[in-house]
Structure formats: C-alpha cells, structure tokens
Colleague: 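For reference, the structure I am asking about is given below.
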Amino acid sequence: MSDATIATVAKPPRIGLLGGSFDPIHTAHLQLALSARRELALDAVWLIPAGQPWQRDPLAASQADRWAMLELAIAGHAGLHGCDIELKRQGPSYTIDTLRALQTAHPDTAFTFILGADQLRNLTSWNGWEDIAACVDLAVARRPGHSDAAPPELPHALARAGHVLHRLAMDEIDLSATRVRECVARGVPLGALMPAPVARYIEDHHLYSTPTPHGHS
C-alpha cells in the first residue's frame, strides 16, 4: 500500500452538526445542511433536534413529532442523518454538552458546527461558548436582516484553538419555523416551505393548528 493510500485511509471523517428546534423542520434547514456539506466537502451532516432549548420558549410539537418530521425531511438525501442525542438528555440542551459527548463517542471525527448569522451574533452569550470555540470549526450562513459579523472575541478564541470560521456562500432564505407555524394556523398551503411528507405529517397529526410562541427557527 502506498503512502498516499495510507494517508487517504487515515483521514478522519468530517461531519457537520446542525442543531435546532426543528419545530417544524423546513426547506431552509435542508438547504443549509446540503449547502454546508457541499461547500465544506463534509462526509455528512447530522441534524440534531433540541430537547429543551434553554434560550427558547416552550416548543409547540412534541419530541416524537419533531423527530418523525426530521426523518421524513431527510429521507432520500444522501449524507444527511438525524442525531437524537439531545432528545435523550434530561434537562436543558446546552451545545457544549452535545459537542463533548459527540467527541467522546467519535474521537477520530472532525466536527464543524453549523449556525445562522443570528446565532453567531449571540454565540458569546451561550453557556461555555469559549469551550465551543475550542472544540470545533464553525460555519455560518447569512440570514435576512442579520449581520454575519462575529463577536470580536470569537475569532481570537477560535484561533487560539486552531479552529476557523467558515462563511457559507448559500443565498439568504427568508423562512423560519415561526412563519411555517403561522401558515398552518391560517390554513395557508405550505407548498415549497417544506417537503411534502412533512406537510402531510403536520396535517395528519393536526400540528400547529393554533398560534404558538414566536422565535423557534
């Protein structure tokens, strides 16, 4: 076996991590995951639905429903996988706990944490944000109405750990789970807002038929 072959075999997997409430999962989530995988040449992207997001209002759909919708949404998309690590955890979902658990379970994997520009601006308010910067590369996508500038202390924290901030080139998508829930409550056809199987699941299970708190992405 040549040295080049050995190097190829020894190359660690590169996995993107996309967390969110996914209440419900929608087209923008999928496009973000697929774009990140393509732009960063990732082996896969794992989508991680939150259990109890500590900075969010109560979620509208149950954990079981959100997981079922996620699986329907990613079916047929090579390289996209669901990860239920936060659904199995008791108590609030902290990103740093998830990253540490995944790195312990997959010590030879290089992880990249994917987030939107709105989350990037608030990242330094997250629990253990400096440890997050020490754990993984970051990849940020633009979002309408939000600057994609990083908090000034974040690049320094990433650099100290040898990590980088990737800026994804995908176009901004003006879509949120709040908008989807509002469309459902008003009886507006979901159309291109989400994959058809997810829309059918919402209808069959009578989800989001009444207005719910704002702010879930």
Side-chain angles (χ1 to χ4, degrees), residues 16-37 45-89 91-95 98 113-122 140-146 148 168 170-217:
L17 302 174
L18 177 58
S21 301
F22 300 124
D23 191 25
I25 191 168
H26 51 68
T27 301
H29 293 133
L30 292 178
Q31 292 193 17
L32 175 54
L34 293 168
S35 294
R37 186 183 179 218
V45 173
W46 296 352
L47 289 85
I48 309 173
Q52 299 178 34
W54 68 279
Q55 287 185 324
R56 299 291 182 105
D57 295 321
L59 302 182
S62 69
Q63 292 187 2
D65 284 329
R66 290 186 293 118
W67 179 253
M69 289 187 285
L70 186 148
E71 290 195 306
L72 288 170
I74 64 177
H77 290 288
L80 300 190
H81 306 281
C83 175
D84 62 357
I85 185 172
E86 293 192 0
L87 298 182
K88 294 178 177 178
R89 181 185 303 143
S93 295
Y94 293 113
T95 296
T98 299
F113 186 67
I114 305 165
L115 69 170
D118 53 333
Q119 295 172 308
L120 180 69
R121 291 295 298 171
N122 296 324
V140 61
R142 293 170 293 184
R143 291 202 61 179
H146 296 277
D148 64 353
L168 300 175
M170 65 173 286
D171 294 334
E172 296 180 6
I173 302 174
D174 188 12
L175 179 59
S176 69
T178 298
R179 177 183 164 195
V180 172
R181 294 194 302 272
E182 290 173 346
C183 286
V184 175
R186 298 199 310 268
V188 176
L190 299 179
L193 300 183
M194 61 179 53
V198 179
R200 286 195 298 270
Y201 186 96
I202 290 173
E203 181 178 0
D204 291 344
H205 292 77
H206 310 291
L207 301 179
Y208 313 119
S209 57
T210 57
T212 55
H214 289 239
H216 307 155
S217 62

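Worth knowing before you read on, the calculation uses all heavy atoms, side chains too, and leaves out hydrogens, waters and symmetry mates. Everything numeric in this text was worked out from a predicted model, so none of it was measured.
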Colleague: Which heavy atom of Arg181 sits nearest a heavy atom of Ala60, and at what distance?
Modeller: CD-CB, 4.1 Å
Colleague: What pair of heavy atoms forms the shortest contact from Leu193 to Cys183, and how long is it?
Modeller: CD1-SG, 4.0 Å
Colleague: For residues Ser209 and Val184, report the shortest heavy-atom separation together with the two atoms involved.
Modeller: N-CG1, 4.4 Å
Colleague: Between Leu59 and Ser21, does a side chain to side chain contact (heavy atoms under 4.5 Å, CB included) hold up when you go through it step by step?
Modeller: CA-CA 8 Å; Leu59 302 182; Ser21 301; 3.7 Å; yes
Colleague: CG of Leu32 to CG of Leu175: how many Å apart, nearest 0.5 Å?
Modeller: 12.0 Å
Colleague: Might you confirm whether atom CG of Asp171 has over 12 heavy atoms from other residues, nucleotides or ligands at distances under 6.0 Å?
Modeller: no
Colleague: Roughly how far apart are Met170 CE and Gln31 CD, rounded to 0.5 Å?
Modeller: 5.5 Å
Colleague: Glu172: which residues meet the side chain to side chain contact (heavy atoms under 4.5 Å, CB included) condition with it, sequence neighbours left out?
Modeller: Arg142, Pro144
Colleague: For His26 and Met194, work out which heavy atoms get closest and say how close.
Modeller: CA-CB, 4.1 Å
Colleague: Can you give me the closest heavy-atom contact between Leu87 and Ala50, atom names plus distance?
Modeller: CD2-O, 3.5 Å
Colleague: Output a table of donor-acceptor pairs, distance under 3.5 Å, between side-chain atoms of residues 70-84 and any protein atom two or more places apart or on a different chain; print 'none' if there are none.
Modeller:
unit_1: Glu71; atom_1: OE1; unit_2: Trp67; atom_2: NE1; d: 3.4
unit_1: Glu71; atom_1: OE2; unit_2: Trp67; atom_2: NE1; d: 3.4

Colleague: Looking at CG of Leu17 and OG1 of Thr95, how far apart are the two atoms once the value is rounded to the nearest 0.5 Å?
Modeller: 10.0 Å
Colleague: Which residues pass the salt bridge (charged side-chain N to carboxylate O under 4.0 Å, His left out) test with Asp65, not counting sequence neighbours?
Modeller: none
Colleague: Run the side-chain hydrogen bond (donor to acceptor under 3.5 Å, both in side chains) test against Arg179 and tell me which residues pass, sequence neighbours left out.
Modeller: none
Colleague: Say whether, by atom type as modelled, one donor and one acceptor occur between the side chain of Thr27 and the main chain of Ala192 under 3.5 angstrom.
Modeller: yes
Colleague: Would you indicate whether the side-chain heavy atoms of Phe22 and Met69 approach each other to under 4.5 Å?
Modeller: no
Colleague: Once side chain to side chain contact (heavy atoms under 4.5 Å, CB included) is applied, do any residues pair with Ala68, and if so which ones, sequence neighbours excluded?
Modeller: Tyr201
Colleague: Say you draw a straight line from CG of Asp23 to OG of Ser176; how long is it, rounded to the nearest 0.5 Å?
Modeller: 11.0 Å
Colleague: List the residues meeting side-chain hydrogen bond (donor to acceptor under 3.5 Å, both in side chains) with Thr98, not counting sequence neighbours, and say none if there are none.
Modeller: Glu86, Arg89
Colleague: Answer yes or no: is there a side-chain heavy-atom contact under 4.5 Å between Ile25 and Leu47?
Modeller: yes
Colleague: Enter the distance from Leu18:CG to Phe113:CZ here, rounded to the nearest 0.5 Å.
Modeller: 8.0 Å
Colleague: Can you name the closest pair of heavy atoms from Ala199 and Leu190 and give their distance?
Modeller: CB-CD1, 3.8 Å
Colleague: Can you tell me how far apart OG (Ser62) and CG (Leu207) are? Round to the nearest 0.5 Å.
Modeller: 7.5 Å
Colleague: Would you say the side chain of Val180 lies within less than 4.5 Å of the side chain of Tyr208, judging by non-hydrogen atoms?
Modeller: no
